Each structure stands twice: as C-alpha cells, then as structure tokens.
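To start, the structure itself, in structure tokens.
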Amino acid sequence: MKSTSLETSLLPPMDSNNFGLLKVEDLAVSIAGTKIIHSISFSLKRGEILGVVGANGSGKTTLIRSIAGLLKPDLGTISVEGVGASDLDHSERARIISYMPQQVESHPFTAFEAVLMGRYPHLGRLELEGVADREIAFSAMRRTGTESFADRRLDTLSGGERQRVVMARVLAQQPQVLLMDEPTASLDLEHQILTMDLINEEVAKRDSGAIVILHDLSLAARFCDRLLLMQNGELTANGTPWEVLTPENLRIAFNIEGLVEPDPVTGMPHVLVLGSQNSGSKKSVGFGRTVHLVCGAGSGRQLMHQLKVAGYTVTAGVLGTGDSDREAAERLGVKYVSAASFSPINESQHSEHIGLINKADHVVLCPMAVGMNNLRNIHAAAEGSSLFIIDSPDGEISDYTGGKALELRRSMIERNGSISESSVLFELARHTAE
C-alpha cells in the first residue's frame with residue numbers, strides 16, 4: 001500500500017472564488033468553565049502567513065489548539081476550503097492541518113524517528129513507512145539543519161535543537177495549514193530568521209497557509225502578510241502589519257509605549273519599545289534626563305506621554321486653563337507654567353518658563369498654533385541649548401500674529417533644523433548616548 005500524498009487530499013478542488021483555505025466563524029472556547037475565546041472570526045488564504053500577536057493570556061494558544069482539533073469549541077465553526085473540520089476524523093484532519101506546540105516534549109525517540117512521525121497521517125492502517133516517507137523526513141531534516149543529530153535521542157538535545165526537530169516533523173507532514181505556537185521561542189537569532197524563512201518557503205512552494213504565534217513584533221511584521229491582535233480572548237485588530245502595529249494598539253494590548261518606524265532594510269514596521277506604563281528604572285532610555293516641551297492645544301499631549309514612559313523627566317511651557325496639553329500635564333504629573341485662558345503671557349510667567357528651559361537637557365518645540373497671547377512661548381523655546389523643532393504633519397502652522405511666529409520659527413529652523421514627531425524619541429536617545 002502506498003502512502004497517501006497531499007495530491008489525493010480529501011478536500012474538494014480549490015476554488016478561490018468560493019472558499020479561503022481556512023475559515024473560522026464566531027469561535028468561542030471555554031476551558032474548565034472559563035471563557036477563553038469570545039466569538040472570533042477570520043480567514044486564511046493560500047500562500048498567506050497569518051501572525052497572531054498579543055500579551056500572555058490573551059488566548060493565542062487556545063485559538064490555534066482549537067483549530068488543530070485539540071480543544072472543542074463552545075460555539076462557532078472551523079472549515080478548510082468549505083469542509084467542516086468537525087466532519088473530518090483524526091487522520092484526515094492531521095493530513096490537512098499540522099500543529100507545532102509551544103512546549104517541545106523530551107522523549108527517548110531519536111530525532112529521525114520523531115521527524116518520521118510526521119508521515120503517520122499519510123499511512124494506511126498497519127502500514128509501515130516506505131522509502132519515499134523516509135526521504136521526505138530526511139529532506140525535512142536537511143532543510144532545518146538537524147540531519148547531523150538524526151540518530152541522537154531527543155532527550156539529549158538542547159531546547160533549540162528539539163524545536164528544530166519538531167519543525168522538521170511539521171515539514172515532513174506536508175499539511176495544507178501549518179499551525180505554529182511560538183516556533184522561534186527557543187532559538188538563537190540566526191535560527192529564528194532561518195525558521196521564518198522556512199515557513200515562508202513552505203507556504204509559497206506548496207501554496208499552503210500558516211498561522212504563527214509570535215512575541216517578537218518586528219519579526220512578525222517582517223514575515224507575516226497579516227496580523228491578528230488578540231486581547232482578553234477577543235480580536236482587537238486584523239490587518240496588515242502597518243494597520244495592526246500602531247502605538248495606540250501597543251498601548252492598549254501590551255500596556256507599553258512604543259514607536260513604529262519603517263525598518264531601514266525591509267521597509268516593514270519595526271517596533272521600538274520605550275517602556276511600560278510603570279517603567280522608570282535606571283535602565284530606561286531617558287533616566288536622569290529632562291525634556292521640556294513648548295506646546296499647546298494638544299500638540300504635545302501624545303509626546304508628553306511617550307517621554308514619560310521612556311523615563312524622561314518632562315516639563316512644559318506656559319499653558320492656559322482648559323488647554324488639552326495642560327490637562328495631559330496634570331494627569332501625568334508634568335510641571336508646567338500656569339496661566340489664565342486667553343490671557344497674554346506676563347513677565348513673571350515668561351521668567352518662570354525660561355527657568356524650566358534652563359534646567360532641561362533638551363527642549364522640543366511642538367507644531368502649535370500661535371497667537372499674540374502665547375508668542376512668548378516661541379521666544380522662550382529659542383533659549384534652549386539643545387532644541388528640537390517638530391515639523392507640522394500637514395506642513396501648515398496656524399499663525400495669528402501677522403507672520404511674526406512663522407518668521408521666528410523659520411529662523412530657528414535655519415539654525416537647528418527640524419524633525420518629524422515620530423523621530424523625536426530616536427533623536428533624543430541618540431543625543432543621550434553621545
């Protein structure tokens with residue numbers, strides 16, 4: 001009897017107009033009476049790598065274990081090209097879907113024997129592995145760089161080596177859907193990249209699809225076509241890496257403050273974690289440094305928060321009653337110079353402002369609207385010895401001073417240059433390191 005190949009799949013011929021490769025609809029899962037997954041829906045196309053990201057306990061592992069058939073859903077359906085996964089028996093499901101667990105067990109089988117287990121779903125009852133099965137297993141070991149310890153027992157290998165052996169077993173299984181729970185967790189940097197390259201190669205070569213749980217957000221952005229962001233068992237975001245990995249989503253789902261910039265090599269999102277909401281250790285980027293913001297009308301609110309999380313001491317200029325930047329400063333414990341709303345900055349307030357600037361290591365001038373009442377804030381910013389001027393996102397600065405504010409700003413840019421708001425944290429970190 002010959003081994004069952006992928007070409008003789010139980011699934012109907014693919015019609016991309018009717019079915020995606022995998023479809024999950026309204027999936028809900030409980031474990032020991034506790035609801036872990038709440039009504040999640042998404043699909044996976046052929047040739048696609050779908051990354052699943054989220055904080056610990058967000059339900060990522062429960063999600064893919066349910067798709068693998070290891071957990072029974074409370075509600076919802078899982079189908080592969082229109083065929084309900086619940087209608088498939090264990091062997092049929094294993095020929096279509098593979099699962100690589102987060103924890104790789106150690107047992108006395110040799111590495112080759114462990115990889116060869118990936119061929120079992122393709123064998124008939126009481127059928128032994130054939131020459132073709134053994135060649136497929138050896139090929140998978142060559143691709144994962146594990147052939148050198150093919151005869152060694154798994155319990156003599158390191159965690160990273162065992163991880164690569166399990167990866168080889170998944171490749172030998174030749175599934176249409178690869179489910180992988182943190183496949184790079186125990187690997188060094190080189191093998192993390194090699195593993196993700198292998199997944200990408202396998203999906204492209206076999207026109208299959210993969211769902212991969214990853215904690216490294218930059219790695220996920222580099223290799224995944226789409227990302228699912230999970231929080232408390234719910235799907236918070238589903239889209240391209242640029243759509244999902246936003247500072248706001250990082251803040252909500254991970255309780256961290258981060259910057260998302262294009263990677264200089266790949267052009268994909270690169271996440272720089274500034275710190276958590278409770279950071280403030282001596283290892284923080286801004287520990288021991290003071291940044292003064294000259295802002296108003298909400299122009300400094302987000303940056304104020306980012307700087308605080310990055311560990312900087314933050315101060316601010318003259319802010320009137322009711323100003324949204326003033327409200328943010330009070331909420332974050334940022335020292336500022338108080339003024340009445342719509343009142344000109346007086347000499348005492350200006351002097352106090354200059355005092356804060358003189359104590360700061362860096363001064364940042366935000367793209368704020370300027371009128372005669374707050375023009376002195378711009379004059380004060382010019383006193384900063386290390387001044388960063390932020391460009392307006394739309395290239396426009398509201399000037400209600402008859403051009404005085406724009407003229408002063410232009411002269412300051414001629415001396416100091418200007419930067420985008422997204423690069424402020426990078427520039428501050430670079431100056432701090434010098």
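Given the structure is predicted, the values throughout are model-derived calculations rather than measurements.
- Between the side chain of S39 and the backbone N or O of A28 there is no donor-acceptor pair closer than 3.5 Å.
- Nearest heavy atoms, P121 versus S91: CB-O, 4.2 Å.
- Of the possible polar contacts, none joining the S398 side chain to the A369 backbone as a donor-acceptor pair under 3.5 Å is found.
- The backbone N or O of I37 lies less than 3.5 Å from no partner atom in the side chain of D74, so there is not a single donor-acceptor pair.
- Nearest heavy atom pair, residue A360 against residue H292, reads CB-CB, 3.7 Å.
- The stretch residues 221-239 participates, sequence neighbours left out, in these salt bridge (Lys or Arg N to Asp or Glu O under 4.0 Å) pairs: E48-R226.
- Atom CD1 of residue I378 and atom CD1 of residue I397 lie 8.5 Å apart, to the nearest 0.5 angstrom.
- No donor-acceptor pair closer than 3.5 Å links the side chain of N374 to the backbone N or O of V318.
- With sequence neighbours left out, the side-chain hydrogen bond (donor to acceptor under 3.5 Å, both in side chains) criterion links S86 to no other residue.
- In this structure T144 satisfies the side chain to side chain contact (heavy atoms under 4.5 Å, CB included) test together with T146, M167, A168, L171, L198, sequence neighbours excluded.
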| request: Quick one: do Y312 and D361 satisfy side-chain contact (heavy atoms from CB on, under 4.5 Å)? Show the steps, please. | output: CA-CA 10 Å; Y312 291 96; D361 298 290; over 6 Å; no

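- Evaluation of the side-chain hydrogen bond (donor to acceptor under 3.5 Å, both in side chains) rule for S392 yields D394 as partners, not counting sequence neighbours.
- Here the side chains of H362 and E427 are not in contact, with every heavy-atom distance at 4.5 Å or above.
- When all heavy atoms of L187 and Q192 are compared, the closest pair comes out as O-NE2, 3.1 Å.
- Remark: E243 engages T240 in a side-chain hydrogen bond (donor to acceptor under 3.5 Å, both in side chains) (not counting sequence neighbours).
- Atom CD1 of I256 and atom CG of L250 lie 5.0 Å apart (nearest 0.5 Å).
- Side-chain contact between I78 and K23 is absent, with no heavy-atom pair separated by less than 4.5 Å.
- Side-chain contact between L356 and Y336 is absent, with no heavy atoms from C-beta onward closer than 4.5 Å.
- Here the side chain of T195 pairs a donor or acceptor atom with the backbone of H191 at under 3.5 angstrom.
- Judged by distance alone, with hydrogens and angles left aside, the side-chain atoms of D325 form a donor-acceptor pair with the main-chain N or O of R301 at under 3.5 Å.
- Two residues are said to be in side-chain contact when any heavy atoms from C-beta on lie closer than 4.5 Å; L303 and I390 meet this criterion.
- Side-chain atoms of R46 come within 3.5 Å of backbone atoms of D207 as a donor-acceptor pair (strictly under, hydrogens ignored).
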Donor-acceptor pairs under 3.5 Å, side chain of residues 209-219 to any protein atom, not counting sequence neighbours: which ones?
from : atom 1 : to   : atom 2 : distance (Å)
H215 : NE2    : N56  : OD1    : 3.4
H215 : NE2    : E182 : OE2    : 3.4
D216 : OD1    : S218 : N      : 3.1
D216 : OD1    : L219 : N      : 2.9
S218 : OG     : H270 : ND1    : 3.2
S218 : OG     : V271 : N      : 3.0

| request: I would like to know whether K308 and V334 meet side-chain contact (heavy atoms from CB on, under 4.5 Å); could you show each step before the answer? | output: CA-CA 9 Å; K308 286 284 289 185; V334 168; 4.1 Å; yes

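- In terms of the ring-ring contact (aromatic ring centres under 6.0 Å, His included) criterion, residue partners of F109 (sequence neighbours excluded) are, by chain and number, H107.
- The shortest side-chain heavy-atom distance between V244 and N238 does not fall under the 4.5 Å cut-off.
- Proximity of a side-chain donor or acceptor of S58 to a complementary backbone N or O of A55 within less than 3.5 Å is detected.
- With rounding to the nearest 0.5 Å, the separation of CZ in R415 from CG in L387 is 8.0 Å.
- Applying the salt bridge (Lys or Arg N to Asp or Glu O under 4.0 Å) criterion to E327, with sequence neighbours excluded, gives no partner residue.
- Applying the ring-ring contact (aromatic ring centres under 6.0 Å, His included) rule to F42 yields no partners; only residues at least two apart in sequence or on another chain are considered.
- Taking CG of L365 as the reference point, atom OG of S299 lies at 8.5 Å (rounded to 0.5 Å).
- For R410, there are no salt bridge (Lys or Arg N to Asp or Glu O under 4.0 Å) partners, not counting sequence neighbours.
- With 3.5 Å as the limit, one finds a donor-acceptor pair spanning the side chains of R119 and Q174.
- Between H38 atom NE2 and L27 atom CG the span is 11.5 Å, to the nearest 0.5 Å.
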| message | Does S422 form a side-chain hydrogen bond (donor to acceptor under 3.5 Å, both in side chains) with S420? I'd like the steps, not just the answer. | response | CA-CA 5 Å; S422 63; S420 64; 3.2 Å; yes

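- Between W242 and G267, the closest heavy-atom pair is CZ2-O, 3.6 Å.
- Once rounded to the nearest 0.5 Å, the distance linking CG of L194 with CG of L189 reads 11.0 Å.
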| task | Start with the C-alpha gap between M230 and I40, add the side-chain angles, then the distance that decides, and say whether side-chain contact (heavy atoms from CB on, under 4.5 Å) holds. | result | CA-CA 10 Å; M230 294 187 63; I40 284 182; 3.5 Å; yes

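- Listed by chain and number, the residues in a salt bridge (Lys or Arg N to Asp or Glu O under 4.0 Å) with D181 amount to none (sequence neighbours excluded).
- The backbone N or O of L319 sits less than 3.5 Å from a side-chain atom of R326, completing a donor-acceptor pair.
- Among all heavy-atom pairs drawn from A221 and L245, the shortest one is CB-CD1, 3.8 Å.
- Pairs passing the salt bridge (Lys or Arg N to Asp or Glu O under 4.0 Å) check and including a residue from residues 154-169, sequence neighbours excluded, read R153-D155.
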